[in-house]
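Values in this document were obtained by computation on a predicted structure and should not be read as measured data. Quick note on labels: first sequence line is chain A, next is B, and so on, each numbered from 1.
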There are 2 protein chains.
Amino acid sequence: MKKPAQTSATTTDILMVSDATLRGFVGYHMKRAFNVVQADLVRTLQPFELRMLTYSALVLIVDNPGLRQSQLADAMDIERPNLVVILDELEGRELVSRDRVPTDRRAYALTATPAGQLLCKRAVAAVEAHERALLSGLDDATRATLVAALSKIEKSGKSRA
Amino acid sequence: MKKPAQTSATTTDILMVSDATLRGFVGYHMKRAFNVVQADLVRTLQPFELRMLTYSALVLIVDNPGLRQSQLADAMDIERPNLVVILDELEGRELVSRDRVPTDRRAYALTATPAGQLLCKRAVAAVEAHERALLSGLDDATRATLVAALSKIEKSGKSRA
DNA sequence: TATTGTTATACTCTATAACTATA
DNA sequence: TATAGTTATAGAGTATAACAATA
């Protein structure tokens, strides 16, 4: 139950949040860690004029050609309406194309153009390098445990939805 | 490099995203896991008419009485302007009070009212119960590794800021 | 000058209802 | 009737610049 640091401290100091309550609050740490990863990602993707959402969509389309929009929205864990503008952007930049599915004329099959594939390849390399740097403080086993734990939490959410 | 599942699958199916690329993309898993935790938190806090941000602020004020707004913003990892409306809400509900600091009349010392302390106590209990349930798939060691890894990522972000 | 809290503002992400065209 | 994609819209969360009061 420490008191907050002296108010004379400069703003570069990080407040030592002295509580037993938030230390066990996983959501708090998850949010802060996600903020860091997200901020790093934004910087990394800026040269490619991609955001996290346009990046994720592009990668998933490149790796899963023929994907339909509803499937992509599921994979990205976003609502279908929110995917539309993302694809509008990618299609407008001619990185991705929407093609009618002959067997179901309501649906669109998503594929990446050669330009989209090239940009994806370069962006993925950049992201991988940045993530390696960001996670360099963790050993391989810890990193594997982290990803496995996050995946389990994902699933436990799906099961109660 | 599996193809996406048959389009005849129902919408309750989860697309098996079959790629080597996103599996190593920690940001992707972090986002999805955070979404799950966040969604659970929203549901848990609804009876208390709190959101994640108002909850975090309230807990931190209760545990660190006399905190100043800039310190709280740092602890919550948000910008000072965004904290103002959060505190307006908590103060309006008389859960928290802003009191002038005599030694620095620019600053406000934040303290929780008795009502704020009571609500906090009950909300914390609810959140702890929900997080326990959410993380029940992880053993203690994994949970500890998860929190430690998230904390390290937080810090590595701060150091490069 | 610099800092605390504030206002105004803009941008991104998220969530829901309702429409259209197909099935 | 149900589904795929779309439109419109509203609500959070986030980020920056600029201001008044104070240091």
Measure from [atom1] on [X] to [atom2] on [N] and round the result to the nearest Å.
{"X": "B:Phe34", "N": "D:dT14", "atom1": "CZ", "atom2": "C1'", "answer": "12 Å"}
{"X": "A:Met76", "N": "D:dG5", "atom1": "CE", "atom2": "C1'", "answer": "16 Å"}
{"X": "B:Glu79", "N": "D:dA18", "atom1": "CD", "atom2": "P", "answer": "16 Å"}
{"X": "B:Arg43", "N": "C:dT14", "atom1": "CZ", "atom2": "P", "answer": "17 Å"}
{"X": "B:Arg80", "N": "C:dT7", "atom1": "CZ", "atom2": "C1'", "answer": "15 Å"}
{"X": "B:Arg105", "N": "C:dT3", "atom1": "CZ", "atom2": "P", "answer": "20 Å"}
{"X": "B:Gln69", "N": "D:dT22", "atom1": "CD", "atom2": "C1'", "answer": "15 Å"}
{"X": "B:Leu45", "N": "D:dA12", "atom1": "CG", "atom2": "C1'", "answer": "15 Å"}

(message) Ignoring hydrogens, what is the shortest heavy-atom contact between B:Leu83 and B:Ala73? Give both atom names and the distance.
(response)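 Scanning both residues completely, I find the closest heavy atoms to be CD2-N, 3.8 Å.
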Can you identify which nucleotide, out of [options], has its nearest atom closest to the [X] side chain?
{"X": "B:Asn35", "options": "C:dT14, C:dG5, C:dA17", "value": "C:dT14"}
{"X": "B:Arg68", "options": "C:dG5, D:dT6, C:dC13", "value": "C:dG5"}
{"X": "B:Leu53", "options": "D:dT16, D:dT22, D:dT14", "value": "D:dT14"}

Reckon [X] has a side-chain N or O less than 4.0 Å from the OP1 or OP2 of [N]?
{"X": "B:Arg51", "N": "C:dT14", "value": "no"}
{"X": "B:Ser70", "N": "C:dG5", "value": "yes"}
{"X": "A:Arg106", "N": "D:dT3", "value": "no"}
{"X": "B:Arg98", "N": "C:dT6", "value": "yes"}

(request) Answer yes or no: is there a donor N or O on one side and an acceptor on the other, between the side chain of B:Glu131 and the main chain of A:Val26, under 3.5 Å? (result)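 Pair found, side chain donor or acceptor close to backbone of A:Val26.
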(request) Spell out, as yes or no, whether a donor-acceptor pair under 3.5 Å connects the side chain of B:Ser56 to the backbone of B:Leu53. (result)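 Pair absent, no side-chain N/O of B:Ser56 close to backbone of B:Leu53.
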(message) Students often mix this up, so state it plainly: with edges at 30° and 60°, are the rings of A:Phe34 and B:Phe34 parallel, tilted or perpendicular?
(response)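 If you compare the ring of A:Phe34 with that of B:Phe34, the planes turn out parallel.
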(request) Indicate, yes or no, whether a donor-acceptor pair under 3.5 Å links the base of C:dA15 to the side chain of A:Asn82. (result)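 Check passes, donor-acceptor contact within cut-off.
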(message) Less than 4.0 angstrom from a charged side-chain N to a carboxylate O is my criterion; do A:Asp74 and A:Arg68 meet it?
(response)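 No, no charged N to carboxylate O under 4.0 Å.
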(message) Return whichever of A:Pro102 or A:Val85 has its heavy-atom-nearest nucleotide of DNA chain C closer to the 5' end.
(response)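 Comparing both residues, the 5'-ward one is A:Val85.
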(request) Would you mind classifying the nucleic acid contact of A:Leu83 as base, sugar-phosphate or nothing, using non-hydrogen atoms under 4.0 angstrom? (result)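 No contact.
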(message) Which is more 5' along DNA chain D, the nucleotide nearest A:Ala107 or the one nearest B:Ile78? Just name the residue.
(response)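 Per heavy-atom nearest nucleotide, the more 5' residue is A:Ala107.
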